[in-house]
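Below, read A as the first sequence line, B as the second, and so on, with proteins coming before strands; counting in each chain starts at 1.
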Number of protein chains: 2
Amino acid sequence: MPMEALHHFLHRLTPIAPATWDKVHPLFTEARFEKGANYIREGQLAREIGFLEQGVMRAYYRNAAGQEYNKHFFTAPCFIGGYASLITGQPNVIQQEALTDCTVLSAPYAPFRALFDSCPDLERAARILAEQFFVAKEQREIEIVQLDAEERYRLFRERYPELEASIPQYHIASYLGVTPTQLSRIRRKSAGR
Amino acid sequence: MPMEALHHFLHRLTPIAPATWDKVHPLFTEARFEKGANYIREGQLAREIGFLEQGVMRAYYRNAAGQEYNKHFFTAPCFIGGYASLITGQPNVIQQEALTDCTVLSAPYAPFRALFDSCPDLERAARILAEQFFVAKEQREIEIVQLDAEERYRLFRERYPELEASIPQYHIASYLGVTPTQLSRIRRKSAGR
DNA sequence: GGCATCCGTATACATAGGTAAAGAAATCAG
DNA sequence: CTGATTTCTTTACCTATGTATACGGATGCC
């Protein structure tokens with residue numbers, strides 16, 4: 001089956017009728033993004049929903065001073081894209097960049113969402129996905145506020161054991177909300193263990 | 001119409017068929033919570049979904065050391081309840097406390113969610129609600145990480161102009177992620193303006 | 001009115017983490 | 001291999017904010 005990973009991912013959210021899948025999958029087309037390429041850019045309206053088949057991406061926010069904050073690391077398989085912009089119709093404030101060579105399935109969001117009317121199972125998948133996104137965000141909020149950088153680093157290593165060795169440390173520092181300097185101090189301190 | 005505010009709130013998310021509303025509203029019962037009362041407690045499974053008709057509540061997280069972090073202020077009308085716990089089935093880690101006398105419509109979540117099967121419009125409302133929750137969380141994450149406490153205070157005052165005068169400042173400090181001491185310093189500094 | 005409690009503010013000190021700059025190490029291009 | 005570039009670490013110094021504590025004003029109870 002083509003787009004096996006996407007089909008499987010949706011199915012784990014909720015059972016998807018074959019008739020629904022027949023309408024969904026033709027919307028998606030495959031594209032490659034080389035390491036360093038941007039999937040979405042800030043300032044534009046998001047119009048596509050993406051599914052990361054292979055690779056690692058980062059979603060980041062860049063403030064007026066040009067400083068970047070790594071909001072999230074996407075590791076395949078998962079949905080990507082400017083979700084908040086898709087939902088609100090406001091210009092996107094998040095950028096997403098390939099940290100490795102990536103394969104992405106991409107679909108225009110308007111016809112995808114239009115399928116919700118005739119495919120309640122697809123809308124259910126979207127509901128569950130949004131709920132999971134919310135839960136993840138809530139958990140991250142508590143981690144940011146309650147844990148210090150050292151504990152957040154420990155959690156990061158547990159959660160993304162493969163990532164640490166494969167991406168630059170300044171990206172990790174940015175995800176943790178500290179400078180590379182501080183991450184280096186933390187690493188030195190915990191090196192004994 | 002009874003439960004007018006709830007009906008109106010749902011309708012603003014997406015049109016709700018009369019037949020759907022006829023199944024939804026009997027699930028809800030009204031309850032009063034006096035200032036200081038808890039709506040949900042940590043450590044238990046959330047089983048109810050609530051709708052705040054009147055009043056102000058705070059959602060807070062309490063860590064092992066007993067320190068509290070005010071995650072959110074609910075101002076009627078809005079949904080309340082241990083949303084993450086309802087979704088994941090994991091024990092609730094958030095508490096919600098009435099900051100003023102409150103009126104709440106409460107429904108058991110299991111039969112509410114069961115209506116999604118026969119009422120796609122209700123599932124759509126739930127999807128849109130979850131999406132809005134996610135967008136709000138994403139925005140708050142960026143505020144926490146990108147803004148310093150002084151700017152977050154300025155934002156808080158813009159966003160909840162009535163709240164500042166009506167709740168203790170230590171609750172505001174906790175929402176901002178600083179101590180009352182620090183909020184006091186910030187207030188002194190910006191008093192000139 | 002008088003007392004107790006709670007809350008906001010102030011002060012002194014401690015600490016996590018930022019900034020800047022430089023050196024060390026690793027990676028990459030030719 | 002070699003030089004250039006990028007990344008990681010270290011150091012010195014500085015700032016924001018936490019902790020602990022004390023004080024004073026408000027509020028409420030008797």
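- Not a single donor-acceptor pair under 3.5 Å links the side chain of A:Thr100 to the backbone N or O of A:Lys35.
- Residues B:Glu48 and B:Ser106 bring a donor and an acceptor atom of their side chains to less than 3.5 Å of each other.
- We find that OH of A:Tyr153 is positioned 12 Å from C1' of D:dC8, with the value rounded to whole Å.
- Annotation: cation-pi geometry satisfied between B:Arg140 and B:Tyr175 (NZ/CZ under 6.0 angstrom from ring centroid, within 45° of ring axis).
- Summarising the geometry, the separation between CG on B:Leu147 and P on D:dA16 is reported as 16 Å, rounded to the nearest angstrom.
- Computed from coordinates, the A:Gln146 CD to D:dG18 P distance equals 12 Å when rounded to whole Å.
- Atom pair B:Arg187:CZ and C:dG8:P shows a separation of 8 Å (rounding to whole Å applied).
- Here the side chain of B:Arg127 pairs no donor or acceptor atom with the backbone of A:Ala126 at under 3.5 angstrom.
- Note: CZ (B:Arg185) to C1' (D:dG18) measures 8 Å, nearest angstrom.
- When rounded to the nearest whole Å, the span between CD of A:Glu150 and P of C:dT15 equals 15 Å.
- Interatomic distance, CD of B:Gln169 versus CD1 of B:Ile172, reported as 5.5 Å (0.5 Å rounding).
- Looking at A:Asn92, its side chain never comes within 3.5 Å of a backbone N or O of A:Gln95 through a donor-acceptor pair.
- Classification of the B:Phe156-B:Tyr160 ring pair by plane angle, with boundaries at 30° and 60°, yields tilted.
- Atom CD in A:Glu151 sits about 10 Å away from atom P in C:dG17, given to the nearest Å.
- Residues from residues 166-184 of chain B that place a heavy atom under 4.0 Å from any atom of DNA chain D, listed by number: B:Gly177, B:Val178, B:Thr179, B:Thr181, B:Gln182.
- A donor-acceptor pair under 3.5 Å is absent between the side-chain atoms of A:Thr20 and the main chain of A:Leu122, judged by distance alone.
- Distances shown here put a side-chain N or O of A:Arg188 below 4.0 Å from the OP1 or OP2 atom of D:dT11.
- As a whole-Å value, the separation of A:Ile186 CD1 from C:dG18 C1' is 13 Å.
- A salt bridge does not link A:Arg154 with A:Asp148: every distance from a Lys NZ or Arg NE/NH1/NH2 to an Asp or Glu carboxylate oxygen is 4.0 Å or more.
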Tell me, for nucleotides 23-29 of chain C in 5' to 3' order, what letter each nucleotide earns: B for a base near a protein heavy atom under 4.0 Å, S for only sugar-phosphate near one, - for neither?
-> -------
